[in-house]
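First up is the structure itself, then whatever we jot down about it.
Computed from heavy atoms alone, side chains included, the values below leave out hydrogens, waters and symmetry copies. Labels below follow one simple rule: chain letters A, B, ... track the order of the sequence lines, proteins then strands, and each chain is numbered from 1.
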2 protein chains.
Amino acid sequence: MTETRAYHHGDLRRALLAAALEAIGEVGPAALSLRDLARRAGVSHAAPAHHFGDKAGLLTALAAQGFDLLAQKLIDADDVLEAGVAYVDFAVTHRAYFEVMFRPEFYRADDAELIAARERSGAALRSGVATLPTGGAPGDTDRDALAAWSIAHGFATLWLAGALPERVGDNPRKAAREVLRRLAT
Amino acid sequence: MTETRAYHHGDLRRALLAAALEAIGEVGPAALSLRDLARRAGVSHAAPAHHFGDKAGLLTALAAQGFDLLAQKLIDADDVLEAGVAYVDFAVTHRAYFEVMFRPEFYRADDAELIAARERSGAALRSGVATLPTGGAPGDTDRDALAAWSIAHGFATLWLAGALPERVGDNPRKAAREVLRRLAT
DNA sequence: AGGAGCATCTTGTCAATGACAAGATAGGAT
DNA sequence: ATCCTATCTTGTCATTGACAAGATGCTCCT
């Protein structure tokens, strides 16, 4: 959709999204400034508004991209444990995406593309958990998926918030794997 | 500390913190406006700056209060499972506190009072996990605590983000208990 | 009692920002 | 060639955070 080609300035839409990722990495999604993005892209201060309407529009596009990226990472994982590790790895590696994705107050949660992308992530997660031989009652899969999602998401957000003690180390994949193992038993 | 008594206007510091909780509940911590708080309290636009310096100062005070509140809730819990439920319940009930506490980019993470309060929360959490008869190797307590913290924190943040499917229901305590049970086995 | 000193709060101001409106520019369609 | 429309610019306004300087009133000391 919105096939942006090089018009006056170039592929501005894409350039703005890239600049946004960079800026969010530096100052966080809350302090993101459209005018700063315009400066980074070398265009006037009102140019971003044309492509995204407002700040929420831009972050909506970013969040949708992020959910698609995450879905792919989850699909590529070999098993549930590795999917959890991939989830944490995504959060740390693509911090800017992750920080936007789970802050619906920053974007339009009713956007069609965003909802579709988020659903792809959810499906990837559930399909991984469904392969588990838990042998529990039917319907347990939902709760297992929720538990797996919760522990991976919790570890990722605590890591990003810098809330974890130093003793956890500096290797998120390794630390995440040890913690996630507590669930699978 | 900072025993604020009724001077010119009243207990302004306390009034501003209360107004901040209200405002954050309405628009989130990012969109919080010091001038709006001043209007709510019926004072001039620069009055908040005197008590808290800047927005980060105010949110630092809020976060510290929040960590103390949370620590008390965790201490009051009967066992680890109920501590996890209390954690989620705190996040949902005191959403404004919770949303500030884990966003260090909004406050001063090096504040002494805040660090002390956060440490009280952490100690309450670990002491609960330490009573578990896991029988694992020594040092497992740390990882158990981290896993418990992660799953409770993850469920809470996903709940607050509105990311959970409707099927989870509208009772956070009940839903959290079912999910947290997956960990204790 | 009375004044000094200080915490508290106000008024005024500035740069930055988001949002909007109106105009300029250029590529493509007819 | 001319119109048309998407793209981008210029200009503007209200809001905000931060700072500076001044006004107000409590408190304490003598």
Side-chain angles (χ1 to χ4, degrees), chain A residues 1-20 22-63 100 103-108 111, chain B residues 1-24 26-63 100 103-108 111:
Chain A
M1 219 123 301
T2 326
E3 265 280 337
T4 311
R5 288 280 169 65
Y7 274 94
H8 298 168
H9 168 269
D11 200 339
L12 183 56
R13 184 187 161 93
R14 210 169 292 271
L16 287 173
L17 286 174
E22 200 176 285
I24 292 172
E26 296 170 6
V27 300
L32 183 69
S33 152
L34 290 183
R35 289 169 109 105
D36 178 52
L37 298 187
R39 281 189 292 269
R40 286 175 195 246
V43 293
S44 81
H45 67 258
H50 179 260
H51 287 274
F52 301 102
D54 55 7
K55 202 198 285 197
L58 188 145
L59 293 180
T60 303
L62 257 194
V100 172
R103 271 187 189 78
E105 73 268 24
F106 285 167
Y107 58 78
R108 281 185 247 292
D111 180 82
Chain B
M1 220 125 299
T2 326
E3 265 281 337
T4 313
R5 286 280 168 66
Y7 275 96
H8 298 168
H9 167 269
D11 200 340
L12 183 56
R13 185 187 161 93
R14 211 170 291 270
L16 288 172
L17 287 173
L21 282 178
E22 200 176 285
I24 292 172
E26 295 169 10
V27 300
L32 183 69
S33 153
L34 290 183
R35 289 170 109 103
D36 177 52
L37 297 187
R39 282 190 291 268
R40 287 176 195 247
V43 293
S44 81
H45 67 257
H50 179 262
H51 287 276
F52 300 102
D54 55 8
K55 202 199 284 197
L58 187 146
L59 293 179
T60 303
L62 257 194
V100 172
R103 277 194 184 80
E105 72 268 24
F106 285 168
Y107 58 78
R108 282 185 246 291
D111 180 81

Tell me, please, which residues at least two apart from A56(B) pass side-chain contact (heavy atoms from CB on, under 4.5 Å). D54(B), R108(B)
Could you walk me through whether R103(B) and R103(A) pass the side chain to side chain contact (heavy atoms under 4.5 Å, CB included) check? CA-CA 12 Å; R103(B) 277 194 184 80; R103(A) 271 187 189 78; 2.9 Å; yes
Check every strand shown and say whether A46(B) touches a base, only sugar-phosphate, or nothing at a heavy-atom separation below 4.0 Å. base
List, with names and distances, any nitrogen or oxygen atoms from the protein found under 3.5 Å away from nitrogen or oxygen atoms belonging to nucleotides 12-15 of chain D.
none

In whole angstroms, the gap separating C1' of dC9(C) from CZ of R13(B) amounts to 16 Å
Hey, does L32(A) reach any base, or is it just sugar-phosphate, or nothing, if we go heavy atoms under 4.0 Å? sugar-phosphate
Rounded to whole Å, the CG-P distance (D36(B) to dA18(D)) equals 15 Å
D54(B) atom CG is separated from dC19(D) atom C1', nearest whole Å, by 12 Å
Have a look at L58(A) and say if it touches a base, only the backbone sugar-phosphate, or nothing, with a 4.0 Å heavy-atom cut-off. nothing
Option among V43(A), L16(A), L17(A) that satisfies the side-chain contact (heavy atoms from CB on, under 4.5 Å) test with L37(A): L16(A)
For L21(B), give me all partners under side-chain contact (heavy atoms from CB on, under 4.5 Å), at least two apart in sequence or on another chain. L62(B), A96(B), Y97(B)
Both A47(A) and A31(B) contact DNA chain D. Which one's nearest nucleotide lies toward the 5' end? A47(A)
I need the CG-P distance between L37(A) and dG18(C), as an integer number of Å. 8 Å
Quick check: does any side chain N or O of K55(B) sit under 3.5 Å from a backbone N or O of L32(B), one acting as donor and the other as acceptor? yes
Quick one, L34(A) and H45(A) - any side-chain contact, counting heavy atoms below 4.5 Å? no
Separation of dC6(C) atom P from H50(B) atom NE2, nearest Å, is 13 Å
Rounded to whole Å, CG of L34(B) lies from P of dT10(C) at a distance of 14 Å
